[in-house]
Asker: 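Mind looking over this structure? Questions follow.
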Amino acid sequence: MESFDLRVRDFNLGLTLSSGQVFHWATSDGCHWHGMLGKHFYHLHQPKASFLRVHTTASPSLGRQDLSHYFGLDQSLQRILKSFPKDPLMREATHAYKGLRLLRQDPWVTLVSFILSSTKQILQIRQTVQEISCRFGSPHAIQTHHSPAWAFPDPAQLVQAGESRLRACRMGYRAKYLYQTACLIQEGQIQLDSLRTCSLEEAREVLMQCPGVGPKIAECVLLFGYGFQEAFPMDVWIRRILEDYYLPGQKSSVAQVQAFVADYFGPHSGYAQQYLFDHVRNLPSEVWQAMVKASPFAQGS
DNA sequence: CCCCAGGTAGCCA
DNA sequence: TGGCTACATGGG
C-alpha cells in the first residue's frame, strides 16, 4: 500500500460519497471511506478541507490521476455554482452541501447501480451493490486491517452468475433486467465505451435499449457515468420539488417540465439537481413544507 | 395492517 | 401522449 496526500479545493469527501449518486463506497464513521476504483483499492479521508489522505494499492502517480479524474477536481466548482439560478431553495442547497461534487463514474458500474435502484431506498441500493460485488466480483487481497474488498463484477461475471443467483441477492424483479442487460453488453450488442463519443441524445437512445432502463435511469447514467451535466434525472424527489416549489399548481406535461428545467437551471442542470435532491431529501418535512409556502414561484408572490 | 422507496414495462383508451 | 398496474423486498 502506498500513501500520499492529495490537495483539493471546493471538495467535501463525505458529502460526495454519501450522496445519492454512488453506492459502492463503505464507511464506518462517515469520515473514513474505502472501496475499489477499477482494479485498485483505496482508503480515503479528509483530515482538513484542503487535502485528502490516501492509502492505495495504486502507485501514487496513478492514484493522483485517477482520483482527480474521478472526483472531477479539474473542474471549477465555483464556475458551476455561478451558473445555477439564485432562488432561496437553490441558495440553501448549495450552502448546506458545500463541496458536493458530481463524480465521473464508470458507465458500467453506474448502469448496474441504477438498474438496482428502482423503488429502493438508498441504503438498500448500497447493500445490494455490496452484495453482488462480494459474491460475483474478483476478490482483492489486501494485507492491512481493512476488510477484504472485491472489484465490481464485470458483465461476464454477472452473466455467469445467472438470473437466479442474482435474485438471491434480494434484488427482486430487477434480477431479470440486470441479467438481460449484462447479456447484451457481454455479447457486444451494446458497447458502453462507444457512447463516450456520442451526443447526449444518441447515448440516451442506446442506454434505453437496455432492459430495466427507462428515462430516469438513462439520465442517471448519462449524468454520473458519461459526464453530461445537463442530463436531469427526474425521480420522486425531484418531481416533488418541481411540482411543489418551482411549478406549484401547474399541471404541466413532461415536455413542459423538461423545457422549464433546461431553461431555468441551465447547462449544468444535472449538477443543480443533485444539490436539490440531497438537500430536500434530508430536510425534515415541516421545514420543507415551510419552504414550499414561502416559494417565490407561488401565486401572489 | 398500512405506506413508501433515486422506476420500468405492458396494456389500454 | 397520459393513466393505470404488477413487479420484490425492506423499513418506518
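Source: prediction; values computed, not measured. Chain letters run A, B, ... following the sequence lines, proteins first and then strands; every chain starts at 1.
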Asker: Output one line per pair: protein atom, nucleotide atom from nucleotides 10-12 of chain C, and distance, for all N/O pairs under 3.5 Å.
Answerer:
| from | atom 1 | to | atom 2 | distance (Å) |
| --- | --- | --- | --- | --- |
| C:dG10 | O4' | A:Q124 | NE2 | 3.1 |

Asker: Answer with yes or no after comparing the ring centroid distance for A:F297 and A:Y264 against a 6.0 Å cut-off, counting only values under it.
Answerer: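 Yes, they do, as the ring centres are separated by less than 6.0 Å.
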Asker: So, applying side-chain hydrogen bond (donor to acceptor under 3.5 Å, both in side chains) with A:Q229, which one of A:H268, A:Q273, A:Q274 is it?
Answerer: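 Output: one option passes, namely A:H268.
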Asker: Using whole Å, report how far CD1 of A:I217 lies from P of B:dG7.
Answerer: 8 Å
Asker: How many Å lie between CZ on A:F114 and P on B:dA5, as a whole number?
Answerer: 16 Å
Asker: Measure CG/A:L116 against P/C:dA8 and give the value in whole Å, please.
Answerer: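 From A:L116 CG to C:dA8 P: 14 Å.
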Asker: Taking CG from A:L103 and C1' from B:dG6, how many angstroms apart are they, rounded to a whole number?
Answerer: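 Rounded to whole Å, this separation is 15 Å.
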Asker: If you measure from CZ on A:F232 to CG on A:L242, what distance do you get to the nearest 0.5 Å?
Answerer: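 One finds 5.5 Å between CZ of A:F232 and CG of A:L242.
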Asker: Base, sugar-phosphate, or nothing for A:R240, non-hydrogen atoms under 4.0 angstrom?
Answerer: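 Touches sugar-phosphate only.
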Asker: Among A:Y275, A:Y246, A:F84, which residue satisfies the ring pair (Phe, Tyr, Trp, His ring centres under 6.0 Å) criterion with A:F265?
Answerer: A:Y246
Asker: Other residues, nucleotides and ligands only: do more than 12 of their heavy atoms fall within 6.0 Å of CZ on A:R7?
Answerer: no
Asker: So A:S117, base contact, sugar-phosphate only, or nothing? Heavy-atom distance under 4.0 Å.
Answerer: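 Result for A:S117 = sugar-phosphate.
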Asker: Quick check on A:K86: does its NZ atom have over 12 non-hydrogen neighbours (other residues, nucleotides or ligands) under 6.0 Å away?
Answerer: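 Buried by this count: over 12 neighbours within 6.0 Å.
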Asker: Considering only atom P, compute the distance from C:dA6 to B:dG6 and round it to an integer number of Å.
Answerer: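 My reading of the P atoms in C:dA6 and B:dG6 gives 22 Å.
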Asker: Take atom CH2 of A:W237 and atom P of B:dA5, then tell me their distance rounded to the nearest Å.
Answerer: 7 Å
Asker: Out of A:N12, A:N282, A:T16, which residue meets the side-chain hydrogen bond (donor to acceptor under 3.5 Å, both in side chains) rule with A:Y97?
Answerer: A:N282
Asker: Between A:D235 and A:R281, is the closest basic N to carboxylate O distance under 4.0 Å?
Answerer: no
Asker: Distances under 3.5 Å between protein N/O atoms and the N/O atoms of nucleotides 9-13 of chain B, please, pair by pair.
Answerer:
| from | atom 1 | to | atom 2 | distance (Å) |
| --- | --- | --- | --- | --- |
| B:dA9 | OP1 | A:G212 | N | 3.1 |

Asker: When the distance from NE2 of A:H279 to C1' of B:dG6 is rounded to whole Å, what number comes out?
Answerer: 18 Å
Asker: Identify all pairs in which a protein N or O lies below 3.5 Å from an N or O of nucleotides 1-4 of chain C, and state each distance.
Answerer:
none

Asker: Flag as yes if A:F277 stacks onto the base of B:dG6 (centroids under 5.5 Å, planes under 30°), otherwise no.
Answerer: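 A:F277 ring centre within cut-off of B:dG6 base, planes near parallel; stacks.
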Asker: Can we call the ring centroids of A:F4 and A:F51 under 6.0 Å apart?
Answerer: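 Aromatic pair excluded; centres sit 6.0 Å or further apart.
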Asker: For the pair made of CD in A:E131 and P in C:dT9, what is the distance, rounded to whole Å?
Answerer: 13 Å
Asker: Could you give the distance separating C:dG10 and B:dT8 at their P atoms, to the nearest angstrom?
Answerer: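 22 Å, rounded to whole Å.
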Asker: Verify the cluster assignment for A:L81 and A:L103: are they in a single hydrophobic cluster under the rule of side-chain heavy atoms below 4.5 Å apart?
Answerer: no
Asker: How are the rings of A:H32 and A:H43 set relative to one another: parallel (under 30°), tilted (30 to 60°) or perpendicular (over 60°)?
Answerer: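 Taking A:H43 first and then A:H32, their aromatic rings sit tilted (interplane angle of 30° to 60°).
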Asker: Does A:Q191 CD have over 12 foreign heavy atoms under 6.0 Å away?
Answerer: no
Asker: Does A:R174 put a side-chain nitrogen or oxygen below 4.0 Å from OP1 or OP2 of B:dG7?
Answerer: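 False: A:R174 side-chain N/O out of range (4.0 Å or more) of B:dG7 OP1/OP2.
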Asker: Between B:dC2 and C:dT5, how many Å separate the two P atoms, rounded to a whole number?
Answerer: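 Going atom to atom, P in each nucleotide, I get 16 Å.
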Asker: Atom CZ of A:R281 to atom P of B:dA5: distance rounded to whole Å?
Answerer: 12 Å
Asker: Assign A:Q274 to base, sugar-phosphate, or nothing according to its heavy-atom contacts below 4.0 angstrom with the strands shown.
Answerer: base
Asker: Quiz question: going by heavy-atom distance under 3.5 Å, is there a donor-acceptor pair between the base of B:dG7 and the side chain of A:E219?
Answerer: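 Looking at the base of B:dG7, it does not pair with any donor or acceptor on the side chain of A:E219 (distance under 3.5 Å).
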